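Just so we're clear, the structure is a prediction, and the values are computed from it rather than from any experiment. Convention: sequence-line order gives letters A, B, ...; per-chain numbering from 1.
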Number of protein chains: 2
Amino acid sequence: MVSRPSLETATASDPDHFVEPLELGKRVKEIRLTKGWTLEEVSKRTGIARSTLSKIENDQVSPSFAIVQKLIGGLGMDLPQLFVEAQEHSMAGRRDITRSGEGEPHPTATYEHELLSYSISRKKMVPFKTIVRARNFSEFKEWVRHDGEEFLLVLSGSVVFYSEFYEPVELNEGDSVYYDATMGHIVVSLSPEDAQILWVVAR
Amino acid sequence: MVSRPSLETATASDPDHFVEPLELGKRVKEIRLTKGWTLEEVSKRTGIARSTLSKIENDQVSPSFAIVQKLIGGLGMDLPQLFVEAQEHSMAGRRDITRSGEGEPHPTATYEHELLSYSISRKKMVPFKTIVRARNFSEFKEWVRHDGEEFLLVLSGSVVFYSEFYEPVELNEGDSVYYDATMGHIVVSLSPEDAQILWVVAR
DNA sequence: CAATAGAGTTTATTTTAGTAAACTTGTGAA
DNA sequence: TTCACAAGTTTACTAAAATAAACTCTATTG
């Protein structure tokens, strides 16, 4: 049994806040062992006492930030790594084909979206083909805006690309634009037939 | 003057370890003010004493990890955000148009790349059009592989998409594939004329 | 222009983290 | 075996963080 209440008490006595969401100790130990280091070696590298390292690894203390900093320096990793790493990247060795016209349809009043490779969930990019039904800026109630960056390529027809901080610009087949999606943006067809575009969003 | 030596001493007396690389306090205060909260409100949300919050914001203490956890929960953010965020997103309100055929050319033996929107440097995605000159798998010395995820759309012609863990697959105009780019991948033209594809990479 | 209250800081104290040193456990050489 | 010692844990203590309460500073209102 642990001789001190420390962490257990800290979280248990505070019901409306979640329990340690990541096992810092386990993680640190993992990294240390991967590199084949002893506590003594890490101690020398980080300047943290051997005993302290032991306690951290066994979750007997909640290390101060200063200590975490040293730890990061000594283990040669950046901070996010320490925490993020746990979640494996979901794409590992994966591939997902979407045949022409067989994406997941998402129609709206102004755009007719076809979501590509919808079977993979947590990916970095979301690609979709869109048929632009809208002909007028006024068909939109307000600017479209969302997190992330967006790439647009005109596949067929021609469009006008409106954006919050720039003049409207005409884009024809093969033209592309890359922009900050938090800036308001709207696309309308200019050609007789509805234009088709490819959109790729990344957060 | 600060009544306790705490942080200053901790770092200064330990020459071979860097000084607090991120201004945690400044950052926390920033977030709090953005949300228009008082210390008291954050205190209620996080269960951390008002006085402690004040000290953290003024870098008078190096908060323990347990406290940082609570803070994150209460401010409604995930851990990496706390640290990473500092680096401004370079795209803020920006837009970059590339006209058809006017991208930055990058020819190789097997692929003829045309880098789109090359004027923006640190963006999340790198889009480029590629004319696939290669006709045979054997023209490549080894698998192409790199960090990140990749989206491929066939713009014209048809290709065969080879990948390390899957059978080769034929892709025709309009077909697309989304895959883990760390998995070896190679594309060759199948149609009489060289196929043209769009590639978008995200790290 | 006091009086009151809200927001933040500092003080004094308690609690917890951090450390050196003692202890335990496991392992390999003599 | 037993000795030596390397790796890790626990103990006893010191240093620092966390807290409640007192205090300062501004702004507002009767």
Rounded distance (Å) that lies between atom C1' of D:dA21 and atom CD of B:E40: 13 Å
Is B:S51 touching bases, backbone alone, or none of the nucleic acid, heavy atoms closer than 4.0 Å? base
Take a 6.0 Å sphere around CZ of A:R203 and say whether it holds more than 12 heavy atoms from other residues, nucleotides or ligands. no
Looking at B:Y166, does the NZ or CZ of A:R95 lie under 6.0 angstrom from its six-membered ring centre and within 45 degrees of the ring axis? yes
Look at the side-chain N and O atoms of B:T38 and state whether any lies under 4.0 Å from the OP1 or OP2 oxygen of C:dG6. no
Counting the atoms with a prime plus P, OP1 and OP2 as sugar-phosphate, which does A:L53 contact under 4.0 Å by heavy atoms, base, sugar-phosphate, or nothing? nothing
Between B:R27 and B:E30 (salt bridge meaning N to carboxylate O under 4.0 Å), is one present in this structure? yes
In whole angstrom, give the distance that lies between atom CG of A:L33 and atom P of D:dG8. 7 Å
If you only use heavy atoms from C-beta on, which nucleotide in D:dT19, C:dG18, C:dA20 is closest to the side chain of A:A49? C:dA20
Options C:dT19, D:dT9, C:dG8, nucleotide nearest the side-chain atoms of A:S54: D:dT9
Round to the nearest Å and state the distance from B:L39 atom CG to D:dT19 atom P. 13 Å
Picking from C:dT11, D:dT9, C:dG18, the nucleotide nearest the side-chain atoms of B:K55 would be C:dT11
D:dT9, D:dA17, C:dT19: which one has an atom nearest the side-chain heavy atoms of B:S62? D:dA17
Interatomic distance where CD belongs to A:Q69 and P belongs to D:dA17 [whole Å]: 13 Å
Just to verify, which of B:L24, B:T52, B:L39 counts as forming a side chain to side chain contact (heavy atoms under 4.5 Å, CB included) with B:E57? B:L39
Which one, C:dT19, C:dA17, D:dA18, comes nearest to the side chain of B:S64? D:dA18
Taking OP1 and OP2 of C:dA17, is either one under 4.0 Å from a side-chain nitrogen or oxygen of A:Q60? no
When the distance from CG of A:N58 to P of D:dT11 is rounded to whole Å, what number comes out? 13 Å
Strictly by modelled atom types, are B:H185 and B:E150 linked by a side-chain donor-acceptor pair under 3.5 Å? yes
On DNA chain C, compare the nucleotides closest to A:I56 and B:R32; which residue's is nearer the 5' end? B:R32
If I take atom CD in residue A:E41 and atom C1' in nucleotide D:dA6, what distance separates them, rounded to the nearest angstrom? 12 Å
In whole angstrom, what separates A:W37's CH2 from D:dG8's P? 14 Å
Any idea which of C:dT11, D:dA22, C:dA20 is nearest the B:R50 side chain? D:dA22
Within this structure, what is the CZ-to-C1' distance between A:F65 and D:dA15, rounded to whole angstrom? 20 Å
